[in-house]
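One structure below.
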Amino acid sequence: RTGKVLEHHFHEKDERNFSVGFVRDIYKDSQGNIWIGGKNNVICFVKEEKAFRVYDPQPVNSVGELPSCKMLLACSNGLLSLDKNTGEYQYLLENCFVQDVVHIDGELWAGTSGEGLVRYDCKDRTVKKYTTESGLSSNYINSVIYEGGHLWIGTEDGLCRLAIKDKQECSNLPALPFMSYFFNVS
């Protein structure tokens with residue numbers, strides 16, 4: 001521990017009119033740029049320029065990446081794509097609270113608060129919802145990750161897994177033994 005402070009970015013705006021505020025997600029894109037999303041900010045540290053670029057504010061929960069110079073923003077007002085070069089936003093899903101999103105082979109899988117899991121086909125722009133009626137344990141999804149042909153879905157009522165290949169088999173996994181315990185680090 002050196003005790004040296006490298007750099008802090010506070011809630012108050014600095015001389016560059018820059019403020020980070022409440023941070024919800026940090027994402028490293030394919031060019032090595034660092035994206036910061038939060039309560040009301042979209043900021044990118046551009047590696048090549050060694051400088052921050054501030055985009056129009058959005059209520060970001062999670063950040064992802066699309067091909068063709070676009071970023072994915074899971075927001076409390078929907079799912080947006082952001083053109084890295086122009087800074088223009090496009091709504092892919094509107095009027096839903098999106099917690100997390102993954103991109104798999106031209107499909108976006110968005111975990112929402114109340115709408116379940118939403119699949120958005122990038123090619124034909126169709127939407128399909130997976131809910132408790134489809135086998136999810138809850139329509140309130142906090143996180144989604146893809147591994148081994150399955151989506152692992154963290155809900156407010158347990159862990160689910162969806163086989164991407166047939167998009168039909170949704171299984172609820174038994175609670176892990178340690179999930180009923182609380183840990184205190186101090």
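Position 1 is the first residue of the sequence, and the numbers go up from there. The figures that follow rest on heavy atoms only: side chains count, while hydrogens, waters and symmetry mates do not. Note that this is a predicted model, so its numbers are computed, not measured.
Listed by chain and number, the residues in a salt bridge (Lys or Arg N to Asp or Glu O under 4.0 Å) with D29 are K84 (sequence neighbours excluded). Residues satisfying the side chain to side chain donor-acceptor pair (under 3.5 Å) criterion with K129, sequence neighbours excluded, are E115.
Of the candidates S143, S113, S76, Q99 forms a side chain to side chain donor-acceptor pair (under 3.5 Å) with just one, namely S113.
Under a hydrophobic clustering in which Ile, Leu, Val, Met, Phe, Trp and Tyr are joined whenever their side-chain heavy atoms come within less than 4.5 Å, directly or via other members, L82 and L79 fall into different clusters. In the hydrophobic clustering of ILVMFWY residues, with side-chain heavy atoms under 4.5 Å counting as a link, W152 and V118 come out apart. Cluster membership check: V42 shares its hydrophobic cluster with Y91, using side-chain heavy-atom separations under 4.5 Å among Ile, Leu, Val, Met, Phe, Trp and Tyr. If you chain together hydrophobic residues whose side chains sit under 4.5 Å apart, M71 and I34 never meet in one group. The hydrophobic cluster containing L108 also contains V127, counting ILVMFWY residues as joined when their side-chain heavy atoms lie under 4.5 angstrom apart, directly or transitively.
In this structure, Y55 places its OH atom where more than 12 heavy-atom neighbours from other residues, nucleotides or ligands lie under 6.0 Å away. The environment of E88 atom CD is sparse: at most 12 non-hydrogen atoms of other residues, nucleotides or ligands sit within 6.0 angstrom. E133 CD: 12 or fewer foreign heavy atoms inside a 6.0 Å radius.
Here D157 contributes atom CG and L136 contributes atom CG; the two are 10.5 Å apart, rounded to the nearest 0.5 Å. With rounding to the nearest 0.5 Å, the separation of OH in Y146 from CD1 in I104 is 5.5 Å. Considering CH2 of W35 and CD of E65, their distance stands at 9.0 Å, rounded to 0.5 Å. In this structure, NE2 in H150 is found 9.0 Å from NZ in K165, a value given to the nearest 0.5 Å. The CD1 atom of I153 sits 11.0 Å away from atom OG of S138, with the distance rounded to the nearest 0.5 Å. Atom CG of residue L80 and atom CD of residue E94 lie 8.5 Å apart, to the nearest 0.5 angstrom.
Using a 4.5 Å heavy-atom threshold, the side chains of L159 and R161 count as separate. Here the side chains of V63 and L72 are not in contact, with every heavy-atom distance at 4.5 Å or above. Inter-residue side-chain proximity for Q58 and N77 is flagged as met; some heavy-atom pair is nearer than 4.5 Å. Residues Y120 and E107 form no side-chain contact, since every pair of their non-hydrogen atoms from C-beta on lies 4.5 Å or further apart.
Taking the six-membered ring where the residue is Trp, F52 and F45 present perpendicular rings, their angle passing 60° and hence far from 30°.
The two atoms that bring N33 and E48 nearest to each other are OD1-N, 4.5 Å, heavy atoms only.
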Does the side-chain contact (heavy atoms from CB on, under 4.5 Å) test come out yes or no for E156 and N142, once each step is laid out? CA-CA 7 Å; E156 289 189 357; N142 299 312; 3.6 Å; yes

Run the side-chain contact (heavy atoms from CB on, under 4.5 Å) check on V98 and N61 step by step: do they pass? CA-CA 7 Å; V98 181; N61 297 313; 5.6 Å; no

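Remark: the D124 side chain and the T126 side chain contain an N/O donor-acceptor pair separated by less than 3.5 Å.
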